[in-house]
> 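Can you keep this structure in mind? I'll have questions shortly.
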Number of protein chains: 2
Amino acid sequence: MKPNFSLRLRVFNLNCCFDLALLQEVWSEQDFQYLRRKLSLTYPDAHYFRSGLIGSGLCVFSRHPIQEILQHVYTLNGYPYMVCHGDWFCGKAVGLLVLHLNGMVLNAYVTHLHAEYCRQKDIYLAHRVAQAWELAQFIHHTSKSADVVLLCGDLNMHPKDLGCCLLKEWTGLRDAYVETQDFKGSEAGCTMVPTNCYVSQQDLGPFPLGIRIDYVLYKAVSGCYIYCKTLKTTTGCDPNSSTPLSDHEALMATLYVKHSPPQEDPYPTQGAPESSALTSVLRDVWTELELGVKQAHWWAELAGYVTACGLFLLSLLCILALGEGAREVAILLWTPSVGLVLVAGTVYIFHMQEVKGLCRVQAELHHVLRRERETQDNGSEPHLAPLLAAGGGQS
Amino acid sequence: MKPNFSLRLRVFNLNCCFDLALLQEVWSEQDFQYLRRKLSLTYPDAHYFRSGLIGSGLCVFSRHPIQEILQHVYTLNGYPYMVCHGDWFCGKAVGLLVLHLNGMVLNAYVTHLHAEYCRQKDIYLAHRVAQAWELAQFIHHTSKSADVVLLCGDLNMHPKDLGCCLLKEWTGLRDAYVETQDFKGSEAGCTMVPTNCYVSQQDLGPFPLGIRIDYVLYKAVSGCYIYCKTLKTTTGCDPNSSTPLSDHEALMATLYVKHSPPQEDPYPTQGAPESSALTSVLRDVWTELELGVKQAHWWAELAGYVTACGLFLLSLLCILALGEGAREVAILLWTPSVGLVLVAGTVYIFHMQEVKGLCRVQAELHHVLRRERETQDNGSEPHLAPLLAAGGGQS
């Protein structure tokens, strides 16, 4: 018999007649204001998450009143001198919306992580993994009193990528594509597909059939059940026009939520994930970040040496300028040397901040692993187990 | 009769034999590691919050195991070119520690907001107010399942300053100095006092007797009661040496917490604060931020014009260099012009980010005020009242 669910939630996620439409890559606030006006009758509430220089690109349209709003800008988000990639200028972030629906508290998160420009030599891997940890921590700490947690977004990670595993293991969020019995759309749920005219074969790299990097993830806590009835994706083209809406396919999920005591769970999951699985992921993340720290240190040291050389050159030029022999050359070289010191100094500061940011995540992971080891040494229940049970067990 | 409290919590806050020692301005991680080793027997758990280039300066030592850690770095934190002030380089932040004590969940926050260098013409006021909002939002969203909330830190704000009112009104936190019946220490609870040898009369400005800018704030939620038994401050000198520990006085609080149903509250407060008081504070904050936005826009525009002029100059120099007449002058001016464009461009990017950051806070405030108005228009209970009741009413 079909359980009597008290809440049906339809979610539209794009990198539309749904309860929530969560968009990424709306770079212009003017575009958001235009959409807001056009959609105001169907979606009376909306919010644009401002950050960085350009903007996070994240926005949301809701049929239901948004009760509360919070946003967190990721500490690490690429490099300002990689102007052609541009992620740094957006200030990639995660946005939270709290909604009260049928007596339930829904925390809906929307995010967009750093892009992957070259999978073979991904210089942003440590940053994306650090972002996944910040995202997981943000969700974990802000959803403790929520009944339903929903995360939609362009994670720029394949389903088995380290950051994706970390996110799912730490928060207990479940992947709508994996969970649903009724999926319709592009093959293997891919959201970057070759049939989309904006996607080039180069974008797909070694995955010519497409990749799945956009997600609808969810969980229910504290005696609520959630169930993904259907999940759909677009398939590379907009039925009403010759060009698709985006280079990513849209995801449309219909979720059912029910208030119910835990023992009545009509869709039992496999129980809380193994604590050891999470421990293993955390260790792998720590190792990946260690490589990132080494790389950042290398760049900081190089920039430090160049700054020091520049300062030495400046002193030398001062001495030369005092003499008669090479005064003109000294004056000519003075400004480029000052420029060199300024640029190299800025790069040094940037990479030292990167080191601090990566070490901070490492310290947080280290704390989790140490607490786990101490609790196991004391012979009591592993510390991670209750976290996991609260996160994923009851959903 | 003295109530039978189930938890006594002694807190030491310095900008020590206590349950928690929360320090600010420990700039060197080596110093933290030294303290950690020295204190390891009394305080088996400790954490240093890494951020920025130098570090947030925040750290904590705990007698009890720290269960969870989170940190949030403030979006706005002064200007990198104000090198002599240095706040930008620290990456000012708020740190959260979750402790489980006698079956209660304690969320302890430690923070340090942007310094005030000139009260008469405070160019950092908008940033500090924005930080106070981010701090209040961080506490509000991460403490929803906590029994006891504790905030210690150097807020760099006087008790009646706008940011301080915002923080207390939005979170419902209560000021230990105002609440306690047993205060011992410097006059009026001041934490920057003229008897401290590191404090100059210039630091105190128009307050020659001292100022109170360090706080212990607390609240209890969900059927717990909290009571500040004693609050002490040091008084300008260390009893064991001729020099004090810091330029700020230390705060030492003894708090009692009790599990109890709300109707048995042995220390009733005056009830939930007025929704209109919060509305008024939010409006004042919005206006203050508007001034900040205008200022940031002005700087961004100036930097934008300078960048444009620099680019025009560069084009002119290119033309001159092609001719014969002023080739040498053109080559000589080429590098300073490139430098000008780079520096002005960086300043432009920085101030445009500042605009985005301030507008983001304004948008969040606007959302809160709009929700409040809508709820009042619908004739139902003001939206802010439940927030306030949950925050400060039951404590």
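Side chains are part of it too, since the values below use all heavy atoms of this structure and drop only hydrogens, waters and symmetry mates. The sequence lines fix the lettering, A, B, ..., with proteins before strands; numbering per chain opens at 1.
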> Tell me, out of A:A363, A:G91, A:P336, who's got the most heavy-atom pairs with chain B below 4.5 Å.
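Ranked by contacts with chain B, first place is A:P336.
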
> Can you tell me how far apart CD (A:Q67) and OG1 (B:T375) are? Round to the nearest 0.5 Å.
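It comes to 7.5 Å.
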
> Heavy-atom pairs under 4.5 Å with chain B - which of A:I66, A:L96, A:L342, A:V73 has more of them than the others?
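Of the options given, most contacts go to A:I66.
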
> If you compare all heavy atoms of B:L53 against all heavy atoms of A:M352, which two are closest, and at what distance to 0.1 Å?
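It is CD1-CB, 3.2 Å.
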
> Can you tell me which of A:I54, A:V338, A:T335 forms the most heavy-atom pairs within a distance under 4.5 Å of chain B?
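Going by pairs under 4.5 Å, I would pick A:T335.
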
> Please rank B:F49, B:W88, B:W334 by heavy-atom pairs under 4.5 Å with chain A and give me the top one.
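Of the candidates given, the most pairs with chain A belong to B:W88.
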
> Given a strict heavy-atom distance threshold of 4.5 Å, which part of A:S51 is in contact with chain B: side chain, backbone, both, or neither?
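The backbone, not the side chain.
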
> Got a sec: does the CH2 of A:W27 have more than 12 other heavy atoms crowding it under 6.0 Å?
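More than 12 heavy atoms, drawn from other residues, nucleotides or ligands, come within 6.0 Å of this atom.
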
> Just to verify, what does A:E354 make a salt bridge (charged side-chain N to carboxylate O under 4.0 Å, His left out) with, not counting sequence neighbours?
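With sequence neighbours excluded, A:E354 shows a salt bridge (charged side-chain N to carboxylate O under 4.0 Å, His left out) to no residue whatsoever.
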
> Is there a side-chain contact between A:V98 and B:H141 in this structure, where contact means two heavy atoms from C-beta onward sitting under 4.5 Å apart?
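Counting from C-beta outward, A:V98 and B:H141 do come under 4.5 Å.
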
> I'd like to verify something: which residue of B:I349, B:N107, B:L70, B:T142 has the highest number of heavy-atom pairs under 4.5 Å with chain A?
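Between B:I349, B:N107, B:L70, B:T142, the count favours B:L70.
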
> Using heavy-atom distances under 4.5 Å, tell me whether B:F89 contacts chain A through its side chain, its backbone, both, or neither.
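Side chain only.
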
> Can you say whether B:V343 sits under 4.5 Å from chain A via the side chain, the backbone, both, or neither, judging by heavy atoms?
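The side chain, not the backbone.
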
> Hey, does the side chain of A:R360 reach the backbone of B:Q71 with a donor-acceptor pair shorter than 3.5 angstrom?
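Yes, the answer is positive, given that a donor and an acceptor are paired below the 3.5 Å cut-off.
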
> Just so I understand: if I count every heavy-atom pair under 4.5 Å between each of A:G55, A:G52, A:C359 and chain B, which residue has the most?
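Option with the top pair count is A:G52.
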
> Which of the residues B:E134, B:H47, B:Q137 is involved in the greatest number of heavy-atom pairs with chain A at under 4.5 angstrom?
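Ranked by heavy-atom pairs under 4.5 Å with chain A, first place is B:Q137.
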
> With B:E68, which of A:H367, A:R371, A:H140 fulfils side chain to side chain donor-acceptor pair (under 3.5 Å)?
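When side chain to side chain donor-acceptor pair (under 3.5 Å) is applied between B:E68 and each of A:H367, A:R371, A:H140, only A:H140 qualifies.
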
> So, taking the atom named CD in B:E29 and the one named NZ in A:K356, what distance separates them when rounded to the nearest 0.5 Å?
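Interatomic distance, B:E29 CD to A:K356 NZ, rounded to 0.5 Å: 6.0 Å.
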
> Which residues pass the salt bridge (charged side-chain N to carboxylate O under 4.0 Å, His left out) test with A:D45, not counting sequence neighbours?
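Applying salt bridge (charged side-chain N to carboxylate O under 4.0 Å, His left out) to A:D45 gives B:R370.
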
> Considering residues, nucleotides and ligands other than B:H85, do more than 12 of their heavy atoms fall under 6.0 Å from its NE2?
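Yes, the 6.0 Å shell around NE2 holds more than 12 heavy atoms from other groups.
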
> Between A:K144 and B:K144, does a side-chain contact (heavy atoms from CB on, under 4.5 Å) hold up when you go through it step by step?
CA-CA 7 Å; A:K144 288 185 178 177; B:K144 287 185 178 178; 5.8 Å; no

